[in-house]
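The figures here come from the full heavy-atom set of this structure, side chains too, leaving out hydrogens, waters and symmetry mates.
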Amino acid sequence: MNTEVELRHLRYFVAVAEELHFGRAALRLHLAQPPLSQQIRKLEAIVGYPLLERTSRSVTLTAAGRVFLERAQRTLRNVERDMDETRSIGRGEVGSLHIGFVGSAMLTILPAIFRTYRESYPGVRLHLHESFTAKVIDELQNGTLDAGLLRDGDPVEGLIATTIYSEPFVAVLPARHPRARQKSISPAALRGEPFVYYPPSAGTRAFEKPLSLCEDYGFRPQIVQEASNWLTILRLIGSGLGVSIAPASVRRIASPDVVCLPIQGAKVVSNVELACFAGESRPIVNAFVQIVQETARNSPESRG
């Protein structure tokens with residue numbers, strides 16, 4: 001005889017113990033009464049003690065049966081909770097998710113992405129890591145991050161980068177600059193101007209793409225001061241240390257001592273990209289990817 005208690009034995013016993021009637025319990029379980037009685041006897045044989053007292057008129061619980069009922073109900077509840085949690089993990093609704101992002105992307109649709117994800121998956125522990133594009137890529141490759149939000153990332157084998165937001169570049173000048181009152185500016189007008197810019201360690205494409213606008217006019221800007229974020233760069237420009245070329249979204253944090261002018265004839269734009277591993281199959285990551293894609297698709301900003 002099989003001496004292992006199965007979940008079905010617990011369900012059968014709980015139904016009989018709660019109904020105190022084999023006929024009603026059989027109806028509740030959608031079973032015939034004789035097989036149900038047989039399974040209860042088998043359970044009692046496994047336990048080694050009677051769990052029910054049966055007469056022709058009634059069914060009652062023994063002392064052992066009362067204790068066993070409490071334990072059986074608790075076990076079934078725990079199994080149901082474990083099943084629900086497993087299903088939630090399978091749907092990407094619980095767990096930890098590590099996302100890297102570049103700070104300048106917070107001036108685009110990233111806040112909406114993070115808000116939507118938090119509202120949709122409150123059970124996930126979301127860990128956000130701000131860095132340069134190159135560092136986000138490095139941490140994706142070494143397994144520290146699950147996905148990354150880049151700006152003009154370099155192509156990397158094994159990673160897929162999808163553009164979720166595009167915007168033009170603008171020229172940033174001190175408000176007192178002689179050309180500050182123009183409605184737009186040619187990159188040629190920036191020849192000979194000192195540049196305030198972020199370091200090359202931000203990433204090759206991220207560093208070179210804005211400078212290519214000047215190279216199209218036959219010169220490469222002289223960078224006289226580096227800073228790691230656009231707020232600092234803008235304040236340095238406002239202090240008269242130079243000019244720069246930046247994504248248009250920096251207008252959101254520009255102070256009155258700088259101006260952001262559209263660039264005439266610009267052939268390139270700045271792209272914010274979602275990067276994750278090719279063939280990514282983890283539900284928790286794919287759920288985040290879906291939120292990013294839906295937010296980008298529904299946001300007028302994502303079209304630049």
Heavy-atom count check: over 12 atoms from other residues, nucleotides or ligands less than 6.0 Å from [X] [atom1]?
| X | atom1 | value |
| --- | --- | --- |
| Arg176 | CZ | no |
| Tyr49 | OH | no |
| Gln222 | CD | no |
| Arg282 | CZ | yes |

Worksheet item: Rounded to the nearest 0.5 Å, how far apart are CZ of Arg11 and CD of Gln73?
Response: 13.5 Å
What are the two closest non-hydrogen atoms of [X] and [Y], and how far apart are they?
| X | Y | answer |
| --- | --- | --- |
| Tyr217 | Leu213 | CD1-O, 3.3 Å |
| Thr204 | Asp154 | N-OD2, 3.1 Å |
| Ser166 | Val269 | CB-CG2, 4.3 Å |

Would you please say whether a donor-acceptor pair under 3.5 Å links the side chains of [X] and [Y]?
| X | Y | value |
| --- | --- | --- |
| Thr75 | Asn78 | no |
| Thr133 | Arg151 | no |
| Gln182 | Arg179 | yes |

Between [X] (side chain only) and [Y] (backbone N and O only), is there a donor and an acceptor less than 3.5 Å apart?
| X | Y | answer |
| --- | --- | --- |
| His9 | Glu6 | yes |
| Ser186 | Ala188 | yes |
| Ser131 | Val136 | no |
| Arg54 | Val59 | no |
| Thr55 | Arg57 | yes |
| Glu44 | Leu51 | yes |
| Tyr197 | Pro221 | no |
| Glu273 | Gly153 | yes |

Do any side-chain atoms of residues 257-267 form donor-acceptor pairs under 3.5 angstrom with protein atoms, and if so which ones, sequence neighbours left out?
residue: Asp257; atom: OD1; partner: Ser255; partner atom: OG; Å: 2.3
residue: Gln264; atom: NE2; partner: Ser184; partner atom: OG; Å: 2.9

Item to complete: Kindly say whether the aromatic ring centers of Phe288 and Tyr121 come within a distance under 6.0 Å.
Response: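 Not under 6.0 Å, so no.
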Worksheet item: Mind checking what makes ring pair (Phe, Tyr, Trp, His ring centres under 6.0 Å) contact with His129, not counting sequence neighbours?
Response: His98
Worksheet item: Please walk me through it: do Gln39 and Phe13 pass side-chain contact (heavy atoms from CB on, under 4.5 Å)?
Response: CA-CA 9 Å; Gln39 291 299 323; Phe13 172 73; over 6 Å; no
Worksheet item: Less than 4.0 Å between a side-chain N and a carboxylate O, is that true for Arg66 and Glu18?
Response: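 Not counted as a salt bridge, because no side-chain N and carboxylate O are separated by less than 4.0 Å.
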Fill in: Residue pairs, two or more places apart or on separate chains, that pass salt bridge (charged side-chain N to carboxylate O under 4.0 Å, His left out) and touch residues 198-219
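Found Asp152-Lys209, Glu208-Arg220, Glu215-Arg220.
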